[in-house]
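Shown next, in structure tokens, is the structure this report addresses.
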Amino acid sequence: MSEKPWGGRFSEETSKFLEEFSESVSFDKVLAPYEIKASIEYAKALKKAGVLSENECEIIINGLKDLEKEISEGKFVFKTEYEDVHMNIERALFEKIGDVAYKLHTGRSRNEQVVTDLRLYLIDKVSKLKKGLKNLLLATIEKAEEYFGIIMPGFTHLQHAQPVLFSHWLMAYFFMFKNHFHRLEDYEKRLKECPLGSSAFAGCGFPIDRHELAKALGFEKPIANSVFAVSTRDFLLELLFVLSLIMLDLSRWCEEVVVWSSQEFSFVELPDSLCTGSSIMPQKKNPDPAELIRGKSSVAVGNLNRLMLLVKALPLSYNRDLQEDKPPVFEALKDTINSVKMMVLLVQGIKLKTENIEKWISAGYLLATEVADYLVLKGIPFRKAHHITGEIVLYAEKNRKRLEELTIEEFKSFAKEIEEDIYEWLKPEHAISRRELFGGTGFNSVKKQINTAKEFINGLEL
Ligand code: ARG
């Protein structure tokens, strides 16, 4: 038998450069444990279909298990000349058990092997990512509880807008990442469909039981169409889209960490263990992890685009272009899993500089909306109330006064309806407690959010 599995049809040696150019084993070797797992179950399916004898099946499975051990101990040598992980393992099995090894490939194609291995690999990675997200959700809840009651200026356009509980602001991230968690759960339903038995694309030529095979490998069911099974890369595109969403939201969060830890804001302090210094400026303490996460968000988004371009206008079924699908997925997954882990440390380690935050509560005109709402309750239509309040703010600004420093006479000169109780409305706590509606920043409302969040986490089976 020739060196190459397809050698029978060929009369010339493969070009050395083509071997290097076309190899994928340098990156698909991470699929080796899944290739073994799938091969063991495939051997059993072939035995049940009457293709392998009891004895042949046992020899093949024992050989595969030996290889599995070598791989896990790092002793297996992957060779470029055997192109990819599938042929490396097939070859090694032949060297171990002889000709019977080649019976394993009966009715089987690398086109289905590669997507079966990839799906099995992703099932593990997605479960790891979900655990990471759970840790992040937990860290977020803990921080929201640690600083419960702290009022900060909320922003729109990065301008001071209205007072808000810090915990409320932070819990926004909880709900962002809870959605990502659910997206992964939903994605898993489609991921857990098994291509094996599809062969090159037309379906296996031997009567293997695909339902049993799918179950044995931990899938929910076999994919219903063999051409679709080997052609689709929707399961990679969908994952990369979710990874992109995760990374984009992390980048927004990290941007806040960077801005809030700047001298100008000085809202938060990061622990020394999560910062690095400058090689020239001795005073520097830089929020590098947050900046790196922000930077790494380009990888998921960029690689999603790479994959979209890879499948654009690609005819069915398998085309070798598809070999290029793996590096972008592996890279984006690694970066996302690590970024989530890093974010957990950041959230846990961050400290609020509460004195600095509180300073801003009365400095801007954060409570202007409260004055307008107050006037509404006195019967003035909101648009008019908004206008009057605008005039009050302009007057206060000109006279370098805070709203609560204006005298009642000054207030009355703008609207006679204003009475002494306006000063109660100019306390930030009052503004917070007027928002106890579902999902608002009221003290009890945020407490409820935190409690529901905890129930969600406790109910997770991970
Ligand atoms: N290494 C290939 C890949 O990653 C496996 C499938 C090869 N199939 C083929 N017909 N050449 O896509």
Side-chain angles (χ1 to χ4, degrees), residues 121-148 165-189 191 238-258 260-261 268-276 287-297 299-300 329-352 446-462:
Y121 170 88
L122 292 178
I123 290 171
D124 279 356
K125 291 288 173 193
V126 167
S127 145
K128 195 170 170 194
L129 179 57
K130 277 166 64 194
K131 284 192 186 113
L133 287 181
K134 181 188 172 187
N135 291 338
L136 184 57
L137 293 173
L138 205 57
T140 311
I141 298 175
E142 280 168 5
K143 205 41 58 162
E145 284 196 306
E146 183 184 338
Y147 289 109
F148 189 81
L165 283 184
F166 164 77
S167 308
H168 189 55
W169 196 265
L170 188 62
M171 286 301 284
Y173 288 107
F174 174 90
F175 290 100
M176 282 185 191
F177 285 87
K178 179 172 178 279
N179 269 2
H180 297 321
F181 188 91
H182 292 313
R183 283 187 180 96
L184 287 177
E185 280 182 325
D186 195 61
Y187 164 68
E188 278 177 323
K189 289 184 214 153
L191 178 63
E238 189 175 351
L239 175 64
L240 277 204
F241 178 63
V242 180
L243 297 185
S244 296
L245 293 184
I246 292 174
M247 289 306 297
L248 289 176
D249 278 343
L250 282 181
S251 81
R252 298 180 76 174
W253 201 348
C254 284
E255 172 70 3
E256 295 208 315
V257 172
V258 172
W260 288 18
S261 61
V268 296
E269 163 110 56
L270 295 177
D272 283 0
S273 61
L274 297 181
C275 291
T276 58
D288 296 36
E291 294 171 75
L292 282 167
I293 295 173
R294 200 174 55 182
K296 282 179 196 289
S297 62
V299 174
V329 174
F330 294 158
E331 187 189 28
L333 251 178
K334 183 181 110 233
D335 278 357
T336 309
I337 289 173
N338 286 339
S339 297
V340 169
K341 195 170 170 184
M342 190 70 244
M343 197 68 205
V344 173
L345 297 178
L346 271 180
V347 174
Q348 286 170 339
I350 211 159
K351 285 198 165 47
L352 287 196
V446 175
K447 223 171 233 151
K448 270 186 213 147
Q449 287 180 44
I450 293 177
N451 287 339
T452 331
K454 277 186 183 166
E455 274 167 31
F456 168 73
I457 292 287
N458 292 336
L460 287 181
E461 283 167 24
L462 273 181

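Annotation: the span from Leu239 atom CG to Leu129 atom CG amounts to 8.0 Å, rounded to 0.5 Å. In this structure, CZ in Phe174 is found 10.0 Å from CG in Leu136, a value given to the nearest 0.5 Å. For the atom pair NZ (Lys296) and CG (Asn338), the distance works out to 7.0 Å, reported to the nearest 0.5 Å. Taken from CG in Asp249 to OG in Ser297, the straight-line distance is 10.5 Å, to the nearest 0.5 Å. Taken to the nearest 0.5 Å, the OG atom of Ser127 stands 12.0 Å off from the CG atom of Leu122. In this structure, the separation between CD on Gln348 and CG on Asn135 is 8.0 Å, given to the nearest 0.5 Å.
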Test Leu346 against Trp253 for side-chain contact (heavy atoms from CB on, under 4.5 Å), laying out the working first.
CA-CA 11 Å; Leu346 271 180; Trp253 201 348; over 6 Å; no
Run the side-chain contact (heavy atoms from CB on, under 4.5 Å) test on Glu291 and Arg294 for me, step by step, so that the C-alpha distance in whole Å, both residues' side-chain angles and the decisive distance to 0.1 Å come before the verdict.
CA-CA 5 Å; Glu291 294 171 75; Arg294 200 174 55 182; 3.8 Å; yes
Take Leu138 and Leu460 through the test side-chain contact (heavy atoms from CB on, under 4.5 Å) and record every step on the way to the result.
CA-CA 11 Å; Leu138 205 57; Leu460 287 181; over 6 Å; no
Full working for side-chain contact (heavy atoms from CB on, under 4.5 Å) between Val299 and Met247:
CA-CA 9 Å; Val299 174; Met247 289 306 297; over 6 Å; no
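Closest of all the heavy-atom pairs between Ala139 and Val347 is O-CG1, 3.6 Å. Annotation for Leu137 and Lys178: closest pair CD2-N, 3.7 Å, computed over non-hydrogen atoms. Across Ala290 and Val258, no two heavy atoms sit closer than the pair CB-CG2, 3.9 Å. Residues Glu256 and Tyr173 share a closest heavy-atom pair of OE1-OH, 2.9 Å. Residues Ala300 and Ala332 approach most closely at CA-CB, 4.0 Å, considering heavy atoms. Annotation for Lys143 and Phe166: closest pair O-CE2, 4.3 Å, computed over non-hydrogen atoms.
None of Glu142, Glu145, Gln449 except one satisfies the side chain to side chain donor-acceptor pair (under 3.5 Å) rule with Lys454; the exception is Glu145.
Under a cut-off of 6.0 angstrom, the local environment of NZ in Lys130 is crowded, with over 12 non-hydrogen atoms contributed by other residues, nucleotides or ligands. Atom CZ of Phe241 has 12 or fewer neighbouring heavy atoms from other residues, nucleotides or ligands inside a 6.0 Å radius.
Note: Phe456 and Phe181 have perpendicular aromatic rings, judged against thresholds of 30 and 60 degrees for the angle between ring planes. The aromatic rings of Phe177 and His180 stand perpendicular to each other, their planes meeting at an angle above 60°, with 30° marking the opposite boundary.
Side-chain atoms of Arg183 and Asn179, non-hydrogen and from C-beta on, do get closer than 4.5 Å to each other. Here the side chains of Lys351 and Pro271 are not in contact, with every heavy-atom distance at 4.5 Å or above. Side-chain contact between Met342 and Leu292 is absent, with no heavy atoms from C-beta onward closer than 4.5 Å. Counting heavy atoms from C-beta on, the side chains of Val329 and Leu243 never come closer than 4.5 Å.
Counting only distance, with no hydrogens or angles, the side chain of Tyr147 and the backbone of Leu352 share a donor-acceptor pair below 3.5 Å. Distance alone, capped at 3.5 Å, is enough to place a donor-acceptor pair between the Ser167 side chain and the Ala144 backbone.
Ion pair Lys334/Glu331 not flagged as a salt bridge, since none of the NZ, NE, NH1 or NH2 atoms sits closer than 4.0 Å to an Asp/Glu carboxylate oxygen.
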